[in-house]
Amino acid sequence: MAEGAAEEAAADGSGDSATRTPDRGVAPIKPQYLTTKEQFHEFLEARGREKVPRETELDIGGKLYLAPLTTCGNLPFRRICKRFGADVTCGEMAVCTNLLQGQTSEWALLKRHHSEDLFGVQLEGAFPDTMTRCAELLNRTIEVDFVDINVGCPIDLVYKKGGGCALMSRSTKCRQIVLGMNQVLDVPLTMKIRTGVQERTNLAHRLLPELRDWGVSLVTLHGRSREQRYTKLADWQYIEQCVKAASPMPLFGNGDILSYEDANRAMQTGVAGVMIARGALLKPWLFTEIKEQRHWDISSSERLDILRDFTHYGLEHWGSDTQGVEKTRRFLLEWLSFLCRYVPVGLLERLPQKINERPPYYLGRDYLETLMASQNSADWIHISEMLLGPVPPNFVFLPKHKANSYK
């Protein structure tokens, strides 16, 4: 008898006792749980095809949410904000078509640091098919707590293609995007919107009930229109009106928060929480101030330590070779174009500083504090050299937010 046949005979109890293996018992399973081999595998295959129940709720009420900030909201900056008390973080806006094309630079925007315990990614796109395909791809490849749709980006490049803020007036497309993405995601779908497109024509209060009914888990409303940009203060009265329109869907508010008093007033409108954007760029320790309900007169040396930590995180993230150093420098300089607008608490006649108040020229309490107040990009470069060494020959820097660079 062939070896295989002999083993088979021994296994089923037939064959010569001299060649048979020792008897093996069967575990005593209760009869109601017993099944056949075929039924066992059929059951597993059928259950494997079933979709995992989708998590539809995002429980972040009362938490401090760092906005997805283009360019400046990179991973090293988010690590700084997490250290100071940001609860929720979100990657920079990623363009869905770039992700589908496999652009490495776009996929890098979705990278999550292990300290980011409540983390989402933000997608921008104008068409239901590409947004749905992208959501399906992300659902398979990355670990996030939520996916956010950008319906707030005001820039022409995005708006003219029908994405960002343009989706606020393209209700059918917006609906198809939400329904398609919800179909393929296992995590909550959120959205960031503006008051509307034109300055005097608010759309959010009409759109919010629809978003709720389509299955959006949470919306953040920036209290400005596309046209308005930053020419006027955010409209928190309108945000309060929109809280009622969105109910019971949670609504976060965003706009002009630079102190714990600003955050307290915002929460009085009934919003589920606040998202902080420019305020975090001017002073990332704002999260600590809000949680501890105090004004922090942070010293220039403490602020330099924060910048030093940023450069360490940057070299860790982008690499410590020449290319990594210069990439870290570029992002540091972009951030310094905002940081220079912070006025130290100890120098103010009246507290708190308002986000729409441009600082005058002033002399700080030491050289470093004065240097950090400079609105000249040459001085920002000097600060970068203190941390990263000399810039390469013929180095030139112009911030993406050119309005922040003036002498």
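Given the structure is predicted, the values throughout are model-derived calculations rather than measurements.
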How about [X] and [Y]: do any of their side-chain heavy atoms sit closer than 4.5 Å?
X      : Y      : answer
Thr141 : Leu110 : no
Asp262 : Val274 : no
Tyr159 : Arg226 : yes
Thr288 : Arg294 : yes
Phe84  : Cys81  : no
Trp380 : Pro399 : yes
Tyr260 : Pro352 : no
Phe77  : Asn74  : yes

Is a donor on one side and an acceptor on the other found under 3.5 Å between the side chain of [X] and the backbone of [Y]?
X      : Y      : answer
Glu385 : Val391 : yes
Ser169 : Ala166 : yes
Ser374 : Leu371 : no
Tyr238 : His205 : yes
Arg194 : His222 : no
Thr195 : Gly223 : no
Gln293 : Ile290 : yes
Arg212 : Ser247 : yes
Lys173 : Ala126 : no
Asn98  : Glu106 : no

To check you understand the geometry: which heavy-atom pair defines the closest contact between [X] and [Y], and what is its length?
X      : Y      : answer
Cys72  : Phe338 : SG-CE1, 4.1 Å
Thr328 : Phe310 : O-CE2, 4.1 Å
Glu57  : Pro188 : O-CG, 3.4 Å
Glu92  : Thr71  : OE1-N, 2.7 Å
Ala234 : Asn254 : CB-O, 4.4 Å
Ala204 : Leu221 : CB-CD1, 3.9 Å

Inter-residue atom distance [X].[atom1] - [Y].[atom2], 0.5 Å rounding:
X      : Y      : atom1 : atom2 : answer
Arg329 : Thr311 : CZ    : OG1   : 10.5 Å
Ile149 : Leu189 : CD1   : CG    : 4.0 Å
Met168 : Leu207 : CE    : CG    : 5.0 Å
Trp236 : Gln241 : CH2   : CD    : 14.5 Å
Leu167 : Met131 : CG    : CE    : 7.5 Å
Arg341 : Leu281 : CZ    : CG    : 9.5 Å

Salt bridge (charged side-chain N to carboxylate O under 4.0 Å, His left out) assessment of Arg133 paired with Glu136: CA-CA 5 Å; Arg133 273 167 42 218; Glu136 193 171 20; over 6 Å; no
Any side-chain donor near an acceptor of the partner, Gln353 and His295, under 3.5 Å: no
Please assess Phe119 against His113 for the test ring pair (Phe, Tyr, Trp, His ring centres under 6.0 Å), listing each intermediate value before the final yes or no. CA-CA 9 Å; Phe119 175 74; His113 189 260; over 10 Å; no
Checking salt bridge (charged side-chain N to carboxylate O under 4.0 Å, His left out) for the pair Arg224/Asp256: CA distance, chi angles, key distance, verdict? CA-CA 10 Å; Arg224 292 183 175 86; Asp256 300 341; 2.4 Å; yes
Do other residues, nucleotides or ligands put more than 12 heavy atoms under 6.0 Å from [X] [atom1]?
X      : atom1 : result
Glu349 : CD    : no
Gln101 : CD    : yes
Phe395 : CZ    : yes
Lys111 : NZ    : no
Asp59  : CG    : no

Apply salt bridge (charged side-chain N to carboxylate O under 4.0 Å, His left out) to residues Asp186 and Arg140 and explain how you reach the verdict. CA-CA 10 Å; Asp186 295 327; Arg140 292 199 312 266; over 6 Å; no
Step by step, work out the side chain to side chain contact (heavy atoms under 4.5 Å, CB included) result for Leu100 and Leu137. CA-CA 8 Å; Leu100 291 170; Leu137 179 61; 4.3 Å; yes
For Leu138 and Val144, run side chain to side chain contact (heavy atoms under 4.5 Å, CB included): C-alpha distance rounded to whole Å, both residues' side-chain angles, the deciding distance at 0.1 Å, then the answer. CA-CA 9 Å; Leu138 297 188; Val144 294; over 6 Å; no
Evaluate side chain to side chain contact (heavy atoms under 4.5 Å, CB included) for Phe252 paired with Lys192, printing each intermediate quantity in order. CA-CA 9 Å; Phe252 266 56; Lys192 185 166 188 278; over 6 Å; no
Report all side-chain donor-acceptor pairs from residues 302-309 shorter than 3.5 Å, counting only partners two or more places apart or in another chain.
residue : atom : partner : partner atom : Å
Glu302  : OE1  : Ser299  : N            : 2.9
Glu302  : OE1  : Ser299  : OG           : 3.2
Asp305  : OD1  : Arg308  : NH1          : 2.8
Asp309  : OD2  : Arg83   : NH1          : 2.7
Asp309  : OD2  : Arg83   : NH2          : 3.2

Mind jotting down which residue pairs meet the side-chain hydrogen bond (donor to acceptor under 3.5 Å, both in side chains) criterion with at least one end in residues 143-154? Sequence neighbours excluded, please. Arg112-Asp145, Gln122-Asp148, Gln122-Asn150, Asp148-Thr190
Just do the side chain to side chain contact (heavy atoms under 4.5 Å, CB included) check on Leu109 and Leu99 with the steps written out, would you? CA-CA 10 Å; Leu109 301 177; Leu99 292 171; over 6 Å; no
